[in-house]
Amino acid sequence: MIVIMKMGATPEQIEAVSQKVQSLGFQPHVVVGEKLTIVAAIGDQKRPEPDVFELMDGVQKVTYIMKPFKLASRDFKAEDTVIPLNGTQIGGQQVVVMAGPCSVESREQMLEVACALKEAGVHILRGGAFKPRTSPYTFQGLGMKGLEILAQVREETGLAVVTEVMGAEQVPTVAQYVDILQIGTRNMQNFNLLHAAGESGKPVLLKRGMMSTIEELLMSAEYILSHQNYRVILCERGIRTFETATRNTLDLSAVPVLKQLSHLPVMVDPSHGTGHWELVPPMSKAAVAAGADGLLIEVHPDPERAMSDGAQSLKPERFVRLMSELRGVAAAVGRSL
Ligand code: PEP
Ligand code: MN
């Protein structure tokens with residue numbers, strides 16, 4: 001249920017509504033918009049009667065969100081969520097590119113790629129320290145050493161950093177080293193991890209499960225949002241289909257669907273979405289044209305020797321060219337890059 005406050009409702013009136021929400025066994029979430037403030041009552045209790053609130057001072061009206069996801073829904077918040085980070089705004093007018101190697105392999109590798117990316121206009125560096133690999137016998141990531149490298153490179157270059165966190169118990173540690181916590185496709189429904197990421201208060205990049213529906217993705221976002229952590233970034237990264245020509249089937253229609261259903265920023269990962277570096281530039285352009293707020297792209301200084309996902313990684317020179325090509329596409333849809 002959402003309680004829409006009158007224009008000019010006082011902080012005391014908003015607080016009184018929040019208290020009432022709480023006293024009825026619901027969790028209050030207050031969103032102060034440019035024009036209106038709303039108080040959402042979230043919980044699985046029986047709906048309170050609307051006049052419990054409608055009779056309170058400062059209340060304009062009461063409505064209900066019919067979708068199973070509430071805080072993630074556009075009905076809860078009509079305006080786009082914009083997340084300021086390191087001089088850019090995720091979900092704003094600019095298309096934000098997060099790029100870097102699949103895995104952190106060494107300080108030299110990260111520094112080399114980070115400098116090239118920064119030069120190309122990237123604000124956020126990616127790199128996995130803990131890798132969720134299909135086989136236990138393949139490279140599992142540098143772990144803590146990888147986090148330290150990310151923190152050093154962040155310090156030296158001024159780039160913000162995103163890395164994957166695989167378990168709830170890792171969240172407090174990883175959160176100390178990076179700017180954005182990534183939850184990978186295999187963990188989209190790891191509910192303890194979602195709770196922990198929500199509690200951390202850090203921005204979270206939530207990747208769509210490879211066998212998950214759009215609604216399930218939004219329900220997972222809801223877990224994080226329910227901790228009053230509203231800085232959630234959704235990411236389409238390809239889903240399993242019968243098609244084998246690509247590693248996954250990049251569901252670009254998820255972009256406008258998510259933008260319709262939710263106020264959260266939507267990114268696209270064409271690297272995992274296709275599995276082949278040659279397909280990354282065309283699908284990046286298509287993603288921007290479809291309205292994506294950002295791209296997550298794997299870039300490696302020497303893809304043939306990459307410890308993971310070399311086949312889908314762009315060399316820095318190709319990435320730089322892609323960035324300039326993307327500027328034209330972004331401009332055509334009224335965005336910058
Ligand atoms: C990654 O970004 O390196 C990764 C493992 O992605 P996904 O969870 O989408 O497979
Ligand atoms: Mn990867």
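These numbers were taken from a predicted model, which means no experiment stands behind them. Atoms within each ligand, like the ligands themselves, are counted from 1 in listed order.
- The atom of D309 that is an N, O or S and sits closest to the Mn ion (ligand 2) is OD2.
- Close N/O approach between D269 and ligand 1 is not found [any backbone or side-chain N/O within under 3.5 Å].
- Nearest N, O or S atom of E298 to the Mn ion (ligand 2): atom OE2.
- If you check which protein heavy atom lies closest to atom 8 (O) of ligand 1, you get T185 N, 2.8 Å.
- Looking at D309 next to ligand 1, no N or O pair under 3.5 Å apart turns up.
- Residue contacts with ligand 1 for M210 are absent, since no atom lies close enough (heavy atoms, distance under 4.0 Å).
- Relative ring orientation between H227 and H195 is described as perpendicular, the plane-to-plane angle rising above 60° on a 0-90° scale split at 30° and 60°.
- Numbered from 1 in the order shown, with element, the atoms of ligand 1 that lie under 4.0 Å from a heavy atom of R186 read 8 (O), 10 (O).
- A salt bridge is absent between K131 and D309; no separation between the charged side-chain nitrogens and carboxylate oxygens falls under 4.0 Å.
- Nearest to the Mn ion (ligand 2), among the N, O or S atoms that H272 has, is NE2.
- Note that CD1 of I2 and OG of S73 are 7.5 Å apart. Values are rounded to the nearest 0.5 Å.
- Annotation: atom 4 (C) of ligand 1 to nearest protein heavy atom, H272 NE2, 3.4 Å.
- Atom 2 (O) of ligand 1 has R126 NH1, 2.7 Å as its closest protein atom, hydrogens excluded (heavy atom only).
- For the pair D251 and R237, the salt-bridge criterion is not met [side-chain N within less than 4.0 Å of a carboxylate O].
- No path of Ile, Leu, Val, Met, Phe, Trp and Tyr side chains, each step under 4.5 Å between heavy atoms, connects I224 with V162, placing them in separate hydrophobic clusters.
- Applying the 4.0 Å criterion to heavy atoms of E298 picks out, from ligand 1, the atoms 3 (O).
- At least one heavy atom of E164 lies less than 4.0 angstrom from ligand 1.
- Between Y230 and H29, the angle of the ring planes goes over 60°, which puts this pair in the perpendicular group of the 30/60° scheme.
- The pair R126-E298 meets the salt-bridge criterion, with a side-chain N (NZ, NE, NH1 or NH2) lying under 4.0 Å from an Asp/Glu carboxylate O.
- Ligand-side atoms of ligand 1 in range of G184: 8 (O), range being under 4.0 angstrom from any heavy atom.
- A salt bridge between E278 and R318 is absent, with no side-chain N of the basic residue lying under 4.0 Å from a carboxylate O of the acidic one.
- The ligand atoms of ligand 1 that sit less than 4.0 angstrom from a heavy atom of R237 are 7 (P), 9 (O), 10 (O).
- Between C115 atom SG and L159 atom CG the span is 8.0 Å, to the nearest 0.5 Å.
- Here D57 does not pair with K6 in a salt bridge; the nearest charged N to carboxylate O distance is not below 4.0 Å.
- In terms of protein heavy-atom proximity, atom 6 (O) of ligand 1 is closest to K207 NZ, 2.9 Å.
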